[in-house]
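Values below: every heavy atom of this structure, side chains too, minus hydrogens, waters and symmetry copies. Counting begins at 1 with the first residue of the sequence. Counting starts at 1 for both ligands and their atoms, in listed order.
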Amino acid sequence: MVVGCGGFKFQNWAETYGSSPELYFQPTCVEEIKEILDLARQRSKRVKVVGAGHSPSNIACTDDFMIRMDKMNKIIKVDKEKMQVTVEAGILLTDLNEELTKCGLALSNLGAISDVAAAGVIGTGTHNTGIHHGILATQVVTLTMMTASGDIVECSESVNAEIFQAGRVHLGSLGVILSITFQCKPAFHLQEIQFSSTLQEVLDNLDTHLNSSEYFRFFWFPHTENVTIFYQDPTDKPPSSKPNWFWDCFVGYYLLEFVLWISTFLPRMVPWINHFFFRLLFTSRTERVGISYKVFNFDCLFKQHVQDWAIPIEKTKDALLQLKTWLERNPQAVAHFPVEVRFARGDDILLSPCYHRDSCYMNIIMYRPYGKDVPHQDYWLEYEAIMKKVGGRPHWAKAHTCTRKDFEKMYPGFNKFNSTREKLDPTGMFLNAYLEKVFY
Ligand SMILES: Cc1cc2nc3c(=O)[nH]c(=O)nc-3n(C[C@H](O)[C@H](O)[C@H](O)COP(=O)(O)OP(=O)(O)OC[C@H]3O[C@@H](n4cnc5c(N)ncnc54)[C@H](O)[C@@H]3O)c2cc1C
């Protein structure tokens, strides 16, 4: 019999949100999950399933029952012919990447980190970049989940298609995801070429850049004109590392955190910091080659606040220039680097921020040096206002101020998703405070 423990304190990776679940479970099999849901039903408790707890919002918080899936983390099956892998939902992508490499396979795209669980990643619409690539959930072929009643439901394009259309970006609101089958491709190396440019140049030539590299993205350094462009493309070349990586890491970690901490007392230093680090680390052209997942992933340094909205791709220039103009007119507001700009193909997943449109994601960041909070409310609110004006949709994992009224306008399939959710979870067992704002 599965036993839940009391007194557990949950905190997300950035230590910006946390909660104290009444009971905390780490099931090892499907039968134990069923027992937990039975107990929750008997005691009228809500249930929150958590992956790796990396979401920078309260989406994974609860004060009722919490289920951590880290002991359900195995590879169930590798089908080399179809190039598909079926995994338990709690597997970390770090482990999946390594196992896939041994089988000569790889996921075709990944976000910045892999210390995240398969069901968590797809459930919040995690994305990377590449205009011919969808968000990570578009790589899903089949899902199985346990619903609030304890039944197991499988879904794919051909079986329970309506649930599948909702279930890939599920927000943790439909049931406990048990297993996922991903479409893979043959293992590959990526060559990354990094070079500097200006915001005007990259915005004027966006189509050229989008067509010049399979996985194109850029960093803009707020309060400056500076941009660093990254082209990542499959290659047959052998791995080679970036020159000066030791220096980069040292400067990135220790010096940046220290000067950002100083700037909490002297905010006017921030534009200077953005200039200085661009000159120090991002001006020279560099190249490296590595196994795909090691190039997709990069070091996100230290704790931070982030926002990341998807906007229609044709609004990229307009939105970035609006943000730049606002920062110029409001010198009291400071913005850390980088604003990371990525792209994704449109899809047909009901609550995907890229639903039915190719999108640009614009990720803004404010670091928390040594865990210290930095004022960011004005910047956050202005960014959100611009994103809404240009028809944006917020990343589900990241903090935002939107409510049901906003989502009904943003998502043509919102009501369809909600009615599927109500059918699968009529009593709201899988809701929490975050999801109540979304659905009520
Ligand atoms: C340093 C850092 C870098 C990041 N980089 C990127 C990036 O490049 N691109 C991007 O798009 N995002 C990025 N993110 C956001 C991250 O990808 C998402 O927050 C992702 O959801 C985290 O996965 P997780 O396993 O930690 O999920 P959690 O935060 O644990 O959970 C997320 C949601 O999934 C649900 N869930 C998890 N497992 C299950 C399950 N088995 N059944 C049902 N529901 C479940 C939870 O209930 C919750 O609603 C980053 C976050 C950090 C901290």
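- Each of the atoms 18 (C), 19 (O) of ligand 1 lies under 4.0 Å from some heavy atom of Ala397.
- With respect to atom 43 (C) of ligand 1, the closest heavy atom belonging to the protein is Gly175 O, 3.3 Å.
- Contact analysis leaves Ala14 out of contact with ligand 1, as no non-hydrogen atom separation drops below 4.0 angstrom.
- Counting atoms of ligand 1 from 1 in the listed order, those under 4.0 Å from a heavy atom of Ala117 are 25 (O).
- Not a single heavy atom of Met72 sits closer than 4.0 Å to an atom of ligand 1.
- At least one heavy atom of Ala89 sits closer than 4.0 Å to an atom of ligand 1.
- The closest protein non-hydrogen atom to atom 34 (O) of ligand 1 is Gly120 CA, 3.6 Å.
- Here the rule is ring pair (Phe, Tyr, Trp, His ring centres under 6.0 Å) with Phe302, and of Tyr367, Tyr370, Phe258, Tyr254 only Tyr367 fits it.
- Looking only at protein heavy atoms, the nearest one to atom 45 (C) of ligand 1 is His170 CE1, 3.7 Å.
- Here side-chain hydrogen bond (donor to acceptor under 3.5 Å, both in side chains) pairs that include residues 49-61, with residues two or more places apart or in two chains, number zero.
- Considering backbone and side-chain N/O of Gly53, one or more are found under 3.5 Å from N/O of ligand 1.
- The aromatic rings of Phe337 and Phe221 sit parallel, their planes meeting at an angle under 30°, below the 60° perpendicular limit.
- When heavy-atom distances to ligand 1 are checked against a 4.0 Å cut-off, Met145 has no atom that comes that close, whether in backbone or side chain.
- Between Phe25 and Phe65, the ring center distance clears the sub-6.0 Å criterion.
- Among all non-hydrogen protein atoms, the one lying nearest atom 15 (C) of ligand 1 is Lys398 CE, 4.2 Å.
- Within the structure, salt bridge (Lys or Arg N to Asp or Glu O under 4.0 Å) pairs that include any residue of residues 360-376 comprise Arg368-Asp373 (at least two apart or interchain).
- Using bins of under 30°, 30° to 60° and over 60° for the plane-to-plane angle, the ring pair His127/Tyr361 lands in the parallel bin.
- The aromatic ring centres of Tyr434 and His400 sit less than 6.0 Å apart.
- Of the options His209, Glu192, Gln194, a side chain to side chain donor-acceptor pair (under 3.5 Å) to Tyr231 is made by His209 and by none of the others.
- Nearest protein neighbour of atom 51 (C) of ligand 1, counting heavy atoms only, is His54 O, 3.8 Å.
- A distance of 6.0 Å or more separates the ring centres of Trp396 and Phe417.
- Residues Phe219 and Phe230 bring their aromatic ring centres within 6.0 Å.
- Protein heavy atom in closest approach to atom 22 (C) of ligand 1: Val116 CG1, 3.5 Å.
- At under 3.5 Å, a nitrogen or oxygen of Ala112, whether backbone or side chain, sits near a nitrogen or oxygen of ligand 1.
- Protein heavy atom at the shortest distance from atom 17 (O) of ligand 1 is Thr126 OG1, 2.9 Å.
- Taking only non-hydrogen atoms, the option from Gly123, Gly167, Ser55, Gly51 nearest to atom 32 (C) of ligand 1 is Ser55.
- Of the protein's non-hydrogen atoms, Ile113 CD1, 3.6 Å is the one closest to atom 52 (C) of ligand 1.
- In terms of polar-atom proximity, His395 is counted as a contact of ligand 1, with an N or O under 3.5 Å from an N or O of the ligand.
- Relative orientation of the Phe282 and Phe278 rings is parallel, given thresholds of 30° and 60° on the angle between their planes.
- Near Ala119, the atoms of ligand 1 lying under 4.0 angstrom from a non-hydrogen atom of the residue are 38 (N), 39 (C), 40 (C), 41 (N).
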Query - Candidate pair Asn97 and Leu110, rule side-chain contact (heavy atoms from CB on, under 4.5 Å), full reasoning - result: CA-CA 10 Å; Asn97 292 333; Leu110 285 169; 3.8 Å; yes
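- Annotation for ligand 1: atoms under 4.0 Å from non-hydrogen atoms of Gly111 are 8 (O).
- Under a 4.0 Å heavy-atom criterion, Leu171 is in contact with ligand 1.
- Taking distance alone, with nitrogen or oxygen atoms compared against 3.5 Å, Met69 stays at or beyond that limit from ligand 1.
- Geometrically, Arg421 engages Phe439 in a cation-pi contact defined by less than 6.0 Å to the ring centre and at most 45° from the axis.
- Considering backbone and side-chain atoms alike, Arg342 places an N or O below 3.5 Å from some N or O of ligand 1.
- Distances below 4.0 Å separate heavy atoms of Ile59 from the following atoms of ligand 1: 49 (O).
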Query raised in the report: Taking it one step at a time, do Phe343 and Phe216 satisfy ring-ring contact (aromatic ring centres under 6.0 Å, His included)?
Result: CA-CA 8 Å; Phe343 302 89; Phe216 154 67; 5.6 Å; yes
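- Considering Asn109, Ile131, Val295 in turn, Asn109 is the only one that fulfils the side chain to side chain contact (heavy atoms under 4.5 Å, CB included) rule with Tyr215.
- Taking only nitrogen or oxygen atoms, main chain and side chain alike, Ala60 does not reach within less than 3.5 Å of ligand 1.
- Within the 4.0 Å heavy-atom shell around ligand 1 one does not find Gln304.
- In summary, Asp347 and Arg168 do not engage in a salt bridge, as defined by a charged side-chain N under 4.0 Å from a carboxylate O.
- Nearest-heavy-atom check against atom 20 (C) of ligand 1 across Val49, Val176, Thr124 picks out Thr124.
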